[in-house]
Amino acid sequence: MNKIAILAVAYNRVDSITRLLKSLEKANYGDEKTTLIISIDKSKTDAVEKFADGYHWPHGEKIVRKHDKNMGLRNHMMSLGEWFDRFETIVVLEDDIVVSPCFYFFVRQSSDKYMGSQEVCGISLYSFARNYQTRLPFTPVSSEYDGYFMNCAMSWGEVWMKPQWMEFYNWYMRNQDFPIEPHLPELICKWEKSWLKYHTKYCIETNRYFLYPYVSLSSNNGDIGVHVGKGNSWGFQVPLQQGNKRIFILPDNISEAVCYDGFFENKAIYNALNLKEEECCIDLYGTQCNRLRKKYWLTLAHANFPVIKSFALSYRPLELSILEGEAGNAIFLYDTSCKEYKTSINKFLVLFLYNMEEISMIVHQYGWKDFIKDAIRLLIRR
């Protein structure tokens, strides 16, 4: 059984770290004693340090690590690998996170299972409700398992395993440059202070995966900080797994599970189209625009290319229309080898209309008059 530690990452927010620790206290650890490490970056106040010194952790050993100089979030996060001298698995939780009561059972079972994997480089506690690149709703295709895989790293509750983390860290030390490249999501290339973008780039370039739970075991509270400004917290909170779930059914390998790439596109589509990944751009969310100029382009946009196949938008999630072979006139597979690129209908408009029912329900619940009034006030403030 590998040795696990919980690592709470703090800076200058006493209320935030208090909330995180309360959620950790309420969690179920079975018969295990679990070490809690509170790692505090240096700030202009010592309030968090005093709180951590006086805090009682009821589930095992408590360690408080106080940094003498301000490291910044990226360097602070990358330094946490020092704890692998004592532990095989580290659960990393920034102070704006809360966890599910049964998160530890997921951590124990998944880290034990994938510790020696060459494909799985990390484990997420968080489950996306939205594609962070577009802010549009995201629902993974379900399966018989409690988790699916993505070529996408996670920072809103993640689990690092020693062998995989050391491989990533060695790669990171050799790859400090981060130019805008067509095989990477444009959004992450614009993140200036992020450490997470490197882990995501590593996943994409080495074709490694994070395990994600279908029902989230952590949630982000959107506290104002390094990466979250005032008014930008919406969409981060997700429903947490409740109850006393103790057994998680996990796939033995990648080929058995539902898999998504770093653009939130389902990799099973390649087999459904009988095409290879290197010759087809799957672009249902419209974030790639076939920048790599692959021969085939699957998109919701109307474009000036010959249509090889077309599909309906009659299932949810949207890729099921392709996986089920539902013919229609909403999703197009183009052969781009013979003409210039020219689109006539924006794919974002199509996706907006696809999600119109959800959006209209939210506005209806809010109240049309209040929604319009508050939207105008918000625009005036900005």
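Please read all numbers here as calculations on a predicted model, not as lab measurements.
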Using the ring pair (Phe, Tyr, Trp, His ring centres under 6.0 Å) criterion, which residues pair with [X]? Sequence neighbours excluded.
| X | value |
| --- | --- |
| F138 | Y260, F264 |
| H183 | none |
| F87 | none |

Q) Cationic tip of K245 within the cone over F248's six-membered ring, i.e. under 6.0 Å and within 45° of the normal? A) yes
Q | Trace of the side chain to side chain donor-acceptor pair (under 3.5 Å) decision for Y126 with E158 | A | CA-CA 8 Å; Y126 186 88; E158 74 262 39; over 6 Å; no
Q: Not counting sequence neighbours, which residues clear side-chain contact (heavy atoms from CB on, under 4.5 Å) with P101? List them please.
A: Q242
Q. Which residues pass the side-chain contact (heavy atoms from CB on, under 4.5 Å) test with K276, sequence neighbours left out?
A. E278, E279
Q.
Counting only heavy atoms from other residues, nucleotides and ligands, does the tally under 6.0 Å from CG of N244 exceed 12?
A. yes
Spacing of [atom1] belonging to [X] relative to [atom2] belonging to [Y], to within rounding of 0.5 Å:
| X | Y | atom1 | atom2 | value |
| --- | --- | --- | --- | --- |
| F51 | I40 | CZ | CD1 | 9.5 Å |
| W165 | W160 | CH2 | CH2 | 3.5 Å |
| L24 | R19 | CG | CZ | 12.0 Å |

Q.
Ring-plane angle category for Y172 and Y198, please: parallel below 30°, perpendicular beyond 60°, tilted otherwise.
A. perpendicular
(Q) Pairing donors with acceptors under 3.5 angstrom, does anything connect the side chains of T89 and N2? (A) yes
**Q.** Under 4.5 Å side-chain linkage, directly or through intermediates, the cluster mates of Y145
**A.** I249
